[in-house]
J.: 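Pasting in a structure now, in structure tokens, and then I'll have a few things to ask.
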Amino acid sequence: AIRESNVTDTEAGGITQHIGASTVVINGGTVSNNTVGGINLYDSSMTMEDGLIDGNKATNGAGIYDGSSSSIRINGGTISNNNASNNGGGIFIAYDSSISIQGGTISGNTATYGAGIMTSHDVTLAGQPTIADQILLAATLFEETTTVNYPKINVKSTLTYSGTTIPVALANAVHDA
């Protein structure tokens with residue numbers, strides 16, 4: 001277990017992966033109670049099969065922070081009780097990244113925006129994930145053009161969503177089951 005690791009304000013407290021073409025695989029264990037976030041990815045990939053990411057704190061992405069060009073796949077495990085003072089209590093995804101959630105649970109996370117997931121990119125939900133926190137999809141404006149990218153949620157199977165409100169984007173999700 002990686003617990004209570006406190007490093008500089010610019011690095012993640014639990015796991016930091018900044019090398020392109022690298023892979024983080026979580027098959028169990030705990031990343032918890034870190035004060036600068038649990039997992040910090042840049043230009044990498046991560047697969048979570050099992051385990052617990054719990055009780056971490058950060059400005060953005062308290063559980064998992066993806067800063068650029070990563071691929072995240074959640075197949076199992078729990079992301080819970082993480083607190084971001086700004087965006088993405090459970091997961092924050094920035095820039096050209098992708099996320100696919102096949103299973104697992106995202107619950108009990110808190111943030112000003114997107115308690116469960118905050119992203120400006122598409123989210124694919126398949127399998128049977130349980131999401132009890134808000135998913136916030138934020139449109140991005142590309143400065144070199146006036147094109148606005150509106151992300152969407154692609155639902156490929158059964159989704160258990162038990163948040164207090166259903167986000168408009170989720171109500172209008174693409175469903176391929």
Side-chain angles (χ1 to χ4, degrees), residues 1-8 10-58 60-84 87-111 114-119 121-135 153-163 177:
I2 300 172
R3 295 187 192 130
E4 299 175 21
S5 172
N6 299 304
V7 295
T8 68
T10 59
E11 300 293 333
I15 298 171
T16 299
Q17 186 58 31
H18 286 229
I19 301 169
S22 296
T23 301
V24 174
V25 178
I26 300 174
N27 287 317
T30 301
V31 178
S32 65
N33 300 320
N34 298 290
T35 58
V36 192
I39 299 173
N40 190 338
L41 303 170
Y42 287 90
D43 195 22
S44 300
S45 67
M46 179 187 133
T47 300
M48 182 173 181
E49 298 291 344
D50 194 10
L52 178 65
I53 300 172
D54 182 79
N56 300 289
K57 296 179 182 178
N60 294 307
I64 300 170
Y65 175 90
D66 170 42
S68 178
S69 302
S70 295
S71 172
I72 298 172
R73 184 179 188 101
I74 309 292
N75 294 329
T78 301
I79 301 169
S80 61
N81 304 313
N82 299 289
N83 179 284
N87 299 307
I91 302 170
F92 176 80
I93 300 173
Y95 310 111
D96 293 323
S97 297
S98 65
I99 182 167
S100 174
I101 303 173
Q102 304 278 328
T105 299
I106 300 173
S107 67
N109 300 289
T110 58
I117 302 168
M118 170 68 171
T119 182
H121 298 280
D122 294 352
V123 176
T124 299
L125 301 172
Q128 295 184 324
T130 298
I131 301 175
D133 295 334
Q134 178 192 44
I135 301 172
I153 297 175
N154 300 297
V155 179
K156 305 283 185 185
S157 184
T158 303
L159 167 67
T160 301
Y161 182 82
S162 60

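Remember, predicted model here, so these are calculated numbers, not experimental data.
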J.: Using the test side chain to side chain donor-acceptor pair (under 3.5 Å), find all partners of Ser97 that sit at least two apart in sequence or belong to another chain.
T.: Asp66

J.: Can you tell me if Asn60 uses its side chain to pair, donor with acceptor, with the backbone of Asn87 under 3.5 Å?
T.: yes

J.: Rounded to the nearest 0.5 Å, how far does CD1 of Ile74 lie from CD1 of Ile72?
T.: 6.5 Å

J.: How long is the span from the CD1 atom in Ile99 to the OG1 atom in Thr119, to the nearest 0.5 Å?
T.: 7.5 Å

J.: Looking only at atom types and distance, does a side-chain atom of Asn82 sit under 3.5 Å from a main-chain N or O of Asn56, one as donor and one as acceptor?
T.: yes

J.: Taking the side chain as every heavy atom from C-beta outward, state whether Met48 and Val24 have any atom pair closer than 4.5 Å.
T.: no

J.: Indicate the atoms forming the closest heavy-atom contact of Ala111 with Gly89, along with that distance.
T.: CB-N, 3.4 Å

J.: Could you go step by step and tell me if Ser80 and Ser107 meet the side chain to side chain donor-acceptor pair (under 3.5 Å) rule?
T.: CA-CA 5 Å; Ser80 61; Ser107 67; 5.4 Å; no

J.: Could you tell me which residues satisfy side chain to side chain donor-acceptor pair (under 3.5 Å) with Thr105, sequence neighbours excluded, listed by chain and number?
T.: none

J.: Using the side chain to side chain contact (heavy atoms under 4.5 Å, CB included) criterion, which residues pair with Asn81? Sequence neighbours excluded.
T.: Asp54

J.: Give a yes or no on whether the backbone of Asp43 and the side-chain of Ser70 come within a donor-acceptor separation of less than 3.5 Å.
T.: yes

J.: Is the backbone N or O of Ile79 less than 3.5 Å from a side-chain atom of Asn109, with the two atoms forming a donor-acceptor pair by type?
T.: yes

J.: Considering only heavy atoms from C-beta outward, does the side chain of Ser100 approach that of Gln102 to under 4.5 Å?
T.: yes

J.: Any chance you could measure Lys57, atom NZ, to Asn83, atom CG, to the nearest 0.5 Å?
T.: 6.5 Å

J.: Out of curiosity, Ile26 CD1 to Ile64 CD1, how far, rounded to the nearest 0.5 Å?
T.: 6.5 Å

J.: In terms of the angle between their ring planes, are Tyr42 and Tyr65 parallel, tilted or perpendicular, with boundaries placed at 30° and 60°?
T.: tilted

